[in-house]
Amino acid sequence: MSTSCILLNGDYSYLCQMDWKKALCLMFSEKAKVLKYSDRLVHGVEKVFRAPAVMVLIKVVRSVYRNRVPFSKRNVLVRDRYTCVYCSSKQKKLTIDHVIPVSRGGKTDFDNCVACCKPCNNLKGARTPHEAGMHLCRRPYQPTISEFIRIRLKQSGAYRYLVELGLY
Ligand SMILES: [Zn+2]
């Protein structure tokens with residue numbers, strides 16, 4: 001069972017996951033309030049209480065989480081959930097396609113690179129999707145670090161707490 005607590009920023013955006021002991025310290029110092037308790041019971045000196053599962057900070061803190069994710073081929077694959085943007089096939093062995101080909105001045109960045117399977121990449125060649133008659137399921141974009149954390153959260157069980165609270 002997870003003993004970590006999700007900490008949300010004062011604007012209810014996701015900040016981080018922390019140990020429930022640290023979470024309790026935040027709560028007792030009145031820097032954060034509990035939105036949801038977990039099923040885990042904690043034995044204190046005088047009484048038994050529930051460990052917090054989701055807390056929100058009283059104030060909004062500026063954080064690094066809003067920063068941009070650095071560009072890398074791996075991060076393009078993470079953003080696109082290891083799914084080819086043209087045929088939606090899901091696989092680990094994907095290549096990176098330049099939507100506007102490099103030979104036409106297309107850049108190697110998040111706005112022009114997408115996850116692409118080998119067959120689609122071969123089919124498209126050095127053409128634009130329009131020229132190749134191919135359709136992009138999703139537009140490429142620059143992701144933020146908080147988005148990347150959310151992708152990882154979705155894979156862990158913690159995400160359901162946020163959904164339950166209607167936050168995501
Ligand atoms: Zn494909």
Side-chain angles (χ1 to χ4, degrees), residues 1-20 23 35-36 38-39 52-57 60-168:
M1 177 180 212
S2 171
T3 55
S4 62
C5 172
I6 297 169
L7 183 65
L8 302 176
N9 207 341
D11 61 0
Y12 287 77
S13 63
Y14 177 81
L15 261 186
C16 63
Q17 260 177 291
M18 58 167 56
D19 181 59
W20 63 265
L35 289 178
K36 188 170 179 68
S38 74
D39 298 329
V54 184
M55 302 210 321
V56 59
L57 284 178
V60 178
V61 293
R62 271 180 59 82
S63 78
V64 296
Y65 297 101
R66 294 196 194 290
N67 288 358
R68 292 163 154 234
V69 173
F71 178 85
S72 73
K73 289 186 173 180
R74 198 186 152 267
N75 284 345
V76 169
L77 297 181
V78 171
R79 180 199 65 188
D80 292 344
R81 319 294 203 268
Y82 291 93
T83 307
C84 172
V85 296
Y86 296 109
C87 71
S88 297
S89 74
K90 243 178 161 26
Q91 48 184 286
K92 288 278 172 191
K93 275 194 178 172
L94 288 168
T95 59
I96 300 296
D97 173 57
H98 288 78
V99 178
I100 307 289
V102 179
S103 57
R104 307 276 192 82
K107 288 185 179 146
T108 302
D109 59 20
F110 275 118
D111 294 321
N112 191 48
C113 287
V114 289
C116 181
C117 72
K118 282 221 170 91
C120 286
N121 211 336
N122 288 338
L123 188 66
K124 182 170 173 284
R127 297 179 291 178
T128 64
H130 181 72
E131 286 168 353
M134 294 166 82
H135 176 69
L136 274 166
C137 301
R138 291 178 309 278
R139 292 258 140 223
Y141 62 95
Q142 165 71 54
T144 61
I145 288 177
S146 104
E147 251 183 284
F148 262 47
I149 293 170
R150 207 147 59 220
I151 292 171
R152 228 180 303 150
L153 256 186
K154 271 190 180 168
Q155 290 156 359
S156 78
Y159 190 74
R160 76 187 160 90
Y161 283 127
L162 302 184
V163 175
E164 259 176 52
L165 289 164
L167 292 169
Y168 287 104

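Order of appearance sets the numbers: ligands from 1, and atoms from 1 within every ligand.
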Task: Candidate pair Val114 and Arg79, rule side-chain contact (heavy atoms from CB on, under 4.5 Å), full reasoning - done: CA-CA 9 Å; Val114 289; Arg79 180 199 65 188; 4.0 Å; yes
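- The distance cut-off of 2.8 Å around the Zn ion (ligand 1) captures these protein N, O or S atoms, sorted by chain and number: Cys84 SG, Cys87 SG, Cys117 SG, Cys120 SG.
- Looking at Asp97, Val99, Ile96 one by one, the single match for side chain to side chain contact (heavy atoms under 4.5 Å, CB included) with Cys113 turns out to be Ile96.
- In this structure the side chain of Ile145 reaches within 4.5 angstrom of the side chain of Val69, judged on heavy atoms.
- Side-chain atoms of Ile100 and Lys107, non-hydrogen and from C-beta on, never get closer than 4.5 Å to each other.
- Every residue meeting the ring-ring contact (aromatic ring centres under 6.0 Å, His included) condition with Phe71, not counting sequence neighbours, appears here in chain and number order: Phe110.
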Task: Check against side-chain contact (heavy atoms from CB on, under 4.5 Å), Leu136 and Tyr86 - done: CA-CA 5 Å; Leu136 274 166; Tyr86 296 109; 3.8 Å; yes
